[in-house]
Amino acid sequence: MNDLAQFLDPVRSDIIAGDVAYNDKQIGRIADIYKEGFPEVADADIILVGTDESRGAGYITDNHPADMVREQLYRMYLWHADIKIADIGNIKSGSSLNDSYSCLKTVLKDFRSTGKSVVIIGGSHDNTLAQYMAYAEEKKFAEATVIDAHIDLQSDSSLRSETFLMEMLTSEPNYIRHYNHIGFQSYFVHPYMLETMDKLRFDVYRVGAAKEHLEEMEPIMRGSDFFSFDMGAVQYGAIPGSGVSPNGFSGEEACSLARFAGMAHGADSFGIYGYRPEHDINNITAIQISQMIWYFIDGKNKSRQESEFSDTFAFNEYHTSFADSDVVFLQSKKTGRWWMKMPGKKYVACSYSDYLFASNNEIPERWLRVQEREG
């Protein structure tokens, strides 16, 4: 993986304090950071990488958003001694937008399906395309979850950041197995767009519904392979360096969603986009993003505690029926998470509320949605 160095610039030395400046449990002391020699990534669980690429949103930044986040992240204490972190620096900006996508895609491909999770910091939301391309180039299907106040399917826009979902979700051949969109704000979204998403059998959740039932977002996100978080989904009051609306998720809710992403067993990558340091106040947005990364790492640690379904002693098993169907529910004794068994014998992530619905002889909506897609 040292060949990856040709696509990356080291972390700028002026933001890295000497080791003596960090306590022994702070991330800046224990992470393997690309300063001069490329870090040892073989044993790493979390790979950090930055990008400045924002031409897709119509601007060019010289403020290095990933480095601003690093300054805050490195000061945080890592609670999980068995989680190893490597920071591989920043993606080199290409001569064209597609060149930058290609560099990021190449890096992500190298780590895909290794059990490592790559956290992408900075750049505009259209960098999500590089996350998708890491699968499409190898003809591998993936489930994606995007958290955004907008649904970037505006085919009449000249900005890639407002159109990239059209390419990701509708291009042929297509390798999106399923798509979840969390946190859209209705006044930013044309109603016909929701009809399009429904016809494609994708799942979309308005910000109010997500906030009201935040814990229900975890099973929705659990099966995803990559995640993309546009910081514009967070209310402006919490993040002046990214906010586009006075409404949206709170800082705490954003951290919870990041933790849910980390808990997904197949989380190959987690992109956090849309940070503009020139608009930030007292580094509040950089601190918010660094805390989201901390919670993603916390979720990654929890996901490693989960048992395989073959370990029957690790789960409580419940049998119920609805609509003349016998259904098995499993609850993990270690994490408390739930799954339900579909007619095709496949287990899908669910919640306790789904079990309660089934116990009352009602069909859980999640069961119906999965049947629509796979039945």
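Numbering starts at 1 and runs along the sequence shown. If you're wondering where the values come from, they're calculated on a predicted model, not measured in any experiment. These numbers come from the heavy atoms of this one structure, side chains and all, not from hydrogens, waters or symmetry mates.
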Residues Trp367, Phe322; criterion ring pair (Phe, Tyr, Trp, His ring centres under 6.0 Å); working and verdict: CA-CA 11 Å; Trp367 191 90; Phe322 54 82; 5.2 Å; yes
Verdict with supporting geometry, Ser250 and Gln235, side chain to side chain donor-acceptor pair (under 3.5 Å): CA-CA 6 Å; Ser250 68; Gln235 54 195 225; 5.9 Å; no
Cluster check Phe164, Val189: I/L/V/M/F/W/Y, side chain < 4.5 angstrom: yes
Basic-acidic side-chain contact under 4.0 Å: Arg259, Asp298: yes
Flag side-chain contact, heavy atom, 4.5 Å: Asp87 against Tyr34: no
Test item: Lys211 side-chain N/O and Gly248 main-chain N/O as donor-acceptor pair under 3.5 Å: yes
Inter-residue atom distance Ile27.CD1 - Ile85.CD1, 0.5 Å rounding: 4.5 Å
Sole candidate of Phe315, Tyr318, Tyr347 that passes ring pair (Phe, Tyr, Trp, His ring centres under 6.0 Å) when paired with Trp338: Tyr318
Salt bridge present between Asp67 and Arg12 (N-O < 4.0 angstrom): yes
Same cluster (ILVMFWY, side-chain, under 4.5 Å), Leu356 and Trp339: no
Leu78 vs Lys25 side-chain heavy atoms within contact, under 4.5 Å: no
Leu165 side chain reached by Thr163 side chain, heavy atoms, under 4.5 Å: no
Lys116 side chain vs Val41 backbone, donor-acceptor pair below 3.5 Å: yes
Check ion pair Arg160-Asp152 (N to O, under 4.0 angstrom): no
Sequence neighbours excluded - ring pair (Phe, Tyr, Trp, His ring centres under 6.0 Å) pairs with any residue from residues 225-260: Tyr135-Phe226
Heavy-atom closest contact (Lys105 atom, Ala134 atom, distance): CG-N, 3.7 Å
Over all atoms of both residues, closest heavy-atom pair of Gln6 and Lys92: O-NZ, 3.2 Å
Residues Asp203 and His178: side-chain donor-acceptor under 3.5 angstrom: yes
Ile30-Val69 co-clustered via ILVMFWY side chain contacts under 4.5 Å: yes
Point-to-point distance, once rounded to the nearest 0.5 Å, from CG of Asp230 to OG of Ser124: 9.0 Å
Least distance between heavy atoms, Pro219 atom then Ala349 atom: O-CB, 3.5 Å
Separation of Ile289 CD1 from Cys255 SG (nearest 0.5 Å): 10.5 Å
Cluster overlap Tyr175 with Tyr101, hydrophobic side-chain contacts below 4.5 Å: yes
side-chain hydrogen bond (donor to acceptor under 3.5 Å, both in side chains) partners of Asn174, counting only residues at least two apart: none
Chi angles and distances behind the side chain to side chain donor-acceptor pair (under 3.5 Å) call for Glu162, Ser157: CA-CA 6 Å; Glu162 296 179 352; Ser157 174; 2.6 Å; yes
Asn360 side chain to Glu362 backbone, donor-acceptor under 3.5 Å: no
Heavy-atom side-chain proximity of Gln185 to His150 below 4.5 angstrom: no
Partners meeting side-chain hydrogen bond (donor to acceptor under 3.5 Å, both in side chains) with Thr51 (sequence neighbours left out): none
Ile47 side chain reached by Val118 side chain, heavy atoms, under 4.5 Å: yes
Check: Arg29 side chain, Asn23 main-chain N or O, donor-acceptor pair, under 3.5 Å: no
Nearest non-hydrogen partners of Met292 and Ala254, listed with the distance: SD-CB, 4.0 Å
Donor-acceptor pair, side chain of Ser54 and main chain of Ala57, under 3.5 angstrom: no
Phe202, Tyr132, Phe141 screened by ring pair (Phe, Tyr, Trp, His ring centres under 6.0 Å) with Tyr179, the one that passes: Phe202
Pairs satisfying salt bridge (Lys or Arg N to Asp or Glu O under 4.0 Å), at least one member in residues 340-357, at least two apart: Lys346-Glu374, Asp354-Arg366
Salt bridge Glu306-Lys334, side-chain N to carboxylate O under 4.0 Å: no
Aromatic ring pairing Tyr192/His190, orientation class (parallel under 30°, perpendicular over 60°, tilted between): tilted
Asn282 side chain vs Ile284 backbone, donor-acceptor pair below 3.5 Å: no
Under 3.5 Å side-chain donor-acceptor pair for Tyr273 and Asp126: no
Any pair counted as salt bridge (Lys or Arg N to Asp or Glu O under 4.0 Å), so long as it reaches residues 277-287, sequence neighbours left out: Arg276-Glu278
Minimum side-chain heavy-atom gap Asp268-Phe111 below 4.5 Å: no
Polar contact flag, side-chain donor to acceptor under 3.5 angstrom, Asp148-His181: no
Residues Ser96 and Asp99: side-chain donor-acceptor under 3.5 angstrom: yes
Sidechain-backbone polar pair: Lys35 side chain, Val11 backbone, donor-acceptor under 3.5 Å: no
Any side-chain heavy-atom pair of Gln131 and Met168 under 4.5 Å: no
No-hydrogen, no-angle side-chain donor-acceptor test under 3.5 Å, Asn180 and Glu143: yes
Under 3.5 Å donor-acceptor, Ser161 side chain and Gly56 backbone: yes
Side-chain heavy-atom pair Ile91, Glu53 within 4.5 angstrom cut-off: no
Heavy-atom closest contact (Arg55 atom, Gly94 atom, distance): NH2-O, 2.8 Å
Exercise: identify the closest heavy-atom pair between Pro65 and Asp52: CD-OD1, 3.3 Å
Donor-acceptor pair, side chain of Asp225 and main chain of Ala267, under 3.5 angstrom: no
Under 3.5 Å donor-acceptor, Thr170 side chain and Glu167 backbone: no
Pairing residues for Glu218 by the side-chain hydrogen bond (donor to acceptor under 3.5 Å, both in side chains) criterion, not counting sequence neighbours: Arg222, Arg337
Between His213 and Glu215: side-chain donor-acceptor atoms closer than 3.5 Å: no
